[in-house]
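So that the names make sense, note that chain A is the first sequence line, chain B the second, and so on, each numbered from 1.
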Amino acid sequence: MPAEVGTSEMHQINSSENATQETQIENVAEKSAEDGYNWRKYGQKHVKGSENPRSYYKCTHPNCEVKKLLERSLDGQVTEVVYKGRHNHSKPQPNRRLAAGAVPSSQGEERYDGVATIEDKPSNI
DNA sequence: CTTATTTGACCTAGG
DNA sequence: CCCTAGGTCAAATAA
């Protein structure tokens, strides 16, 4: 469309300028193949051979230095999941949120026997 | 206030 | 010695 000179400027209606990523889609579904453990993402890199970003996660448990690699496809499908290491304690209960600021200090601590899941795997190669 | 998450920078290993 | 690839850390931000 000819005519018109560069004098229109950008009057775009910026409803609430999102300097950062606000429109992140409220995903009510899962976030990333949650396996019951709590992971803290510590990095994301793009590996060769796969045009997919690889996410690096680490168990947020004390004394549990287990790492986990999550590779996703362009469709959001997990192409590969890799668990590095072994958990030193059983799976945490679905009782998310265990603030560290509040010391338990014997507060009706229900000892949930770690029996629910003991995915032992000697991996007989 | 505290923790989880994000992103770029930095580090190590190999050729 | 330089470059690539992969892996980890740390500051900033969001909830």
Distance, rounded to the nearest Å, where [X] contributes [atom1] and [N] contributes [atom2]:
X        : N      : atom1 : atom2 : result
His61(A) : dA4(B) : NE2   : P     : 10 Å
Arg40(A) : dT5(B) : CZ    : C1'   : 9 Å
Lys41(A) : dT3(B) : NZ    : C1'   : 16 Å

| field | Ionic contact status for Lys68(A) with Asp35(A), cut-off 4.0 Å | value |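 Salt bridge: yes.
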| request: Decide, yes or no, whether a salt bridge links Arg72(A) with Glu80(A) under the criterion of side-chain N to carboxylate O below 4.0 Å. | output: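 A salt bridge is absent here (no side-chain N lies under 4.0 Å from a carboxylate O).
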| With Tyr42(A), which residues qualify under side chain to side chain donor-acceptor pair (under 3.5 Å), at least two apart? |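 Tyr42(A) satisfies side chain to side chain donor-acceptor pair (under 3.5 Å) with no other residue.
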Could you go through nucleotides 2-9 of chain C and list every protein N or O atom that sits under 3.5 Å from one of its N or O atoms, giving the distance for each pair?
unit_1, atom_1, unit_2, atom_2, d
dG6(C), OP2, Lys48(A), N, 3.1
dG7(C), OP2, Arg54(A), NH1, 3.4
dG7(C), OP2, Tyr56(A), OH, 2.5
dG7(C), O6, Lys45(A), NZ, 2.9
dT8(C), OP1, Lys67(A), NZ, 3.2
dT8(C), OP2, Tyr42(A), OH, 2.5
dC9(C), N4, Tyr42(A), O, 2.7

| request: Mind checking the NZ-NZ spacing from Lys45(A) to Lys48(A)? Nearest 0.5 Å is all I need. | output: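 One gets 15.0 Å once the value is rounded to the nearest 0.5 Å.
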| Can you find a side-chain donor-acceptor pair between His61(A) and His89(A) that sits under 3.5 Å? |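 The criterion, which ignores hydrogens and geometry beyond distance, is satisfied for His89(A) and His61(A).
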